[in-house]
Amino acid sequence: MIRAGMIRKVAAGIYTYLPLGLRVIRKVELIVREEMNRAGAQELLMPMVQPAELWNETGRWGEYGKELLRFKDRGEREFCLGPTHEEVVTDLVRAEVKSYRHLPQILYQIQTKFRDEIRPRFGLMRGREFLMKDAYSFDRDEEGAKSSYEKMGRAYHRIFERCGLKFKPVEAESGVIGGIFSQEFMVLAETGEDSLVACHACDYAANVEKARGSDCPRGHGPLTTHRGIEVGHIFMLGTKYSQAMKAVFLDKNGKEAYPVMGCYGIGVSRTAAAAIEQNHDAKGILWPLPLAPYQVHVIPVNDQSERVMITSELIYGTLSNLGVEVLIDDRSERPGVKFNDADLIGIPYQIIVGEKNLADGLVELKDRRTGKVQKVTTEEVIDLVKKLVLPPAPRAES
RNA sequence: CGGGGCGUAGCGCAGCCCGGUAGCGCGCCAGCUUCGGGAGCUGGAUGUCCGCGGUUCAAAUCCGCGCGCCCCGACCA
């Protein structure tokens, strides 16, 4: 990502997103937002700086360890940079939710998190500062909580499918977040830091840390192992936090009860990095179309040729007006430089405009992933691109 | 936290052992040529040698302390 001009390092595990990288992040965010909203979750934004008192209520101020970056304000009061938001969101809910009529609720945010990792590495893959979508569900009872958990699980499937990624949900440990049951969503990639086992015959899969034995527990024989990158984690929390923080509501019978919680994370910046790990070749990135920073890359081969430049700009303008996300390489560089940079940053479709083909009224449309090139007229290329990148026009309601 | 390594021009590095003029490649700037897979020639600019302290006539180089970063092992989206 550094080589492709997506990010720049500011300090260990802390990065600036450059324009190209930010566009990818925004793509992931958009998909996540749409699917969260579709699942009935509501977006809010909680503070990054959190007071120690809240963390003392759940005992995690003591438990969390050095990953929690702590500091004091001018009045010597203790704070931390939020690595997760169970305390803050539970504090909010206990103030606002008084009746079973207010439940269920699913609240989420997309926000910068900070975890003072022992050893940040692999760029965005394990940064100390990173973008995360975190959602929290509050239900009247166990059954409701289970249904929220399943709803979120389905939303996660949709999210990673829409991102164009090969992934697998696996059974996992709950770690410091705690809770009853949890699943991780793993993007499959050889370079992944995690190992998982999966059954060839059914959908059983587990993190190796969690897996018991080498055979499928449902009796399908030996499990196969894979490498993966954890991009999402969903937890059934139970009442661990609502009890500790005395968040109560009155149930149907007028009796006090604790909301049953779940929490659901997606590493937004890590998902972008994982997409690259899963989709690259020797020359560079092969962005899945839904995450690509741009959909089409127009490459004028020679910026000295007026004809090449005019045609390139015409194609660029026409596609832009149609709502296609187009990048044009208007640098005064040699062709080789432009081709190599284009392959490196990996925009899915390249339109190469050169004098020789233009003499025949043709330009090239190149598929970055397959390397397949077709020579077409400047009019045809617009139609082809429209078909490739734009969603099919919505059919008239009948 | 434990182990290893590095810090010198925008980037990558040499120089340090053996103290004395700070260098190479790429990039950058100007001009000319070139233009379908990382161009050629000519000319040019650039340095608190990570910081602080010490030794010395003299420190990038030797000594001490500090800071930062990278890589390998136990946690996490």
Side-chain angles (χ1 to χ4, degrees), chain A residues 2-3 5 8-14 25 28 32 63-68 82-86 108-135 156 159-160 167 172-178 182-187 192-194 207 209 228-235 263-274 282-284 299-309 329 331-344 350-359 362-364 366 371 373 375:
Chain A
I2 290 177
R3 207 154 51 89
R8 285 292 180 265
K9 189 173 66 181
V10 175
I14 300 177
I25 297 289
V28 178
V32 168
E63 288 167 16
Y64 214 91
K66 285 194 168 179
E67 259 188 33
L68 189 63
T84 179
H85 280 68
E86 282 82 9
Y108 78 98
Q109 63 174 347
I110 296 177
Q111 193 215 31
T112 298
K113 294 280 187 279
F114 195 93
R115 294 182 188 173
D116 201 355
E117 291 278 345
I118 291 168
R119 189 156 83 82
R121 60 189 128 173
F122 308 135
L124 293 190
M125 209 59 100
R126 181 186 293 264
R128 289 194 293 172
E129 190 179 292
F130 58 98
L131 261 185
M132 178 166 135
K133 184 284 300 178
D134 46 325
Y156 274 44
I159 287 168
F160 296 117
F167 68 98
E173 304 280 358
S174 303
V176 267
I177 307 284
S182 88
Q183 279 174 294
E184 292 168 339
F185 284 74
M186 295 284 193
V187 164
E193 282 194 272
D194 291 287
N207 192 310
E209 294 162 7
I229 298 163
E230 182 192 353
V231 290
H233 203 158
I234 61 179
F235 300 82
C263 76
Y264 317 92
I266 289 182
V268 171
S269 40
R270 182 183 283 181
T271 299
K283 289 186 167 181
I299 305 166
V301 168
N302 180 354
D303 74 309
Q304 298 304 301
S305 158
E306 206 176 316
R307 193 166 177 198
V308 164
M309 292 313 289
D329 189 347
R331 297 174 302 167
S332 184
E333 287 290 350
R334 318 204 84 236
V337 175
K338 291 187 178 184
F339 292 142
N340 284 313
D341 284 347
D343 289 345
L344 175 62
Q350 301 173 3
I351 297 175
I352 300 163
V353 184
E355 276 197 304
K356 288 171 195 166
N357 285 315
L358 213 49
L362 301 176
V363 296
E364 283 170 39
K366 177 174 165 184
V373 174
K375 292 189 184 181

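Residue numbers start from 1 in every chain, and the chains themselves are labelled A, B, ... in the order their sequence lines are given, proteins ahead of strands.
- Of the two residues contacting RNA chain B, namely A:G127 and A:R3, the nearest-nucleotide position lying further toward the 5' end is that of A:R3.
- B:A60 and B:G20 have their P atoms separated by 9 Å, given to the nearest Å.
- Nucleotide B:U34: unpaired (no Watson-Crick or G-U wobble partner with both distances less than 3.5 Å).
- The partner of B:U56, taking Watson-Crick or G-U wobble pairs whose two distances both stay under 3.5 Å, does not exist in any strand shown.
- Taking atom P in both B:U34 and B:C16, the straight-line distance is 46 Å, to the nearest Å.
- At a threshold of 4.0 angstrom between heavy atoms, the contacts of A:D134 with the nucleic acid are absent.
- In the 5' to 3' direction, nucleotides of RNA chain B lying under 4.0 Å from heavy atoms of chain A begin and end at B:C1 to B:A77.
- Note on A:V231: only backbone sugar-phosphate atoms sit closer than 4.0 angstrom, heavy atoms only; bases stay farther off.
- With sequence neighbours left out, A:Y64 forms a ring-ring contact (aromatic ring centres under 6.0 Å, His included) with A:W55.
- Using the six-membered ring where Trp is involved, A:F160 and A:Y156 have ring planes that are perpendicular, over 60° apart on the 30 and 60° scheme.
- For B:C6, the paired nucleotide is B:G68, the pair qualifying as Watson-Crick or G-U wobble because both relevant distances are below 3.5 Å.
- Residue contacts shown for A:K66 are limited to sugar-phosphate atoms, with no base heavy atom under 4.0 Å away.
- B:G43 is paired with B:C29 under the criterion used here, namely a Watson-Crick or G-U wobble arrangement in which both key atom distances are under 3.5 Å.
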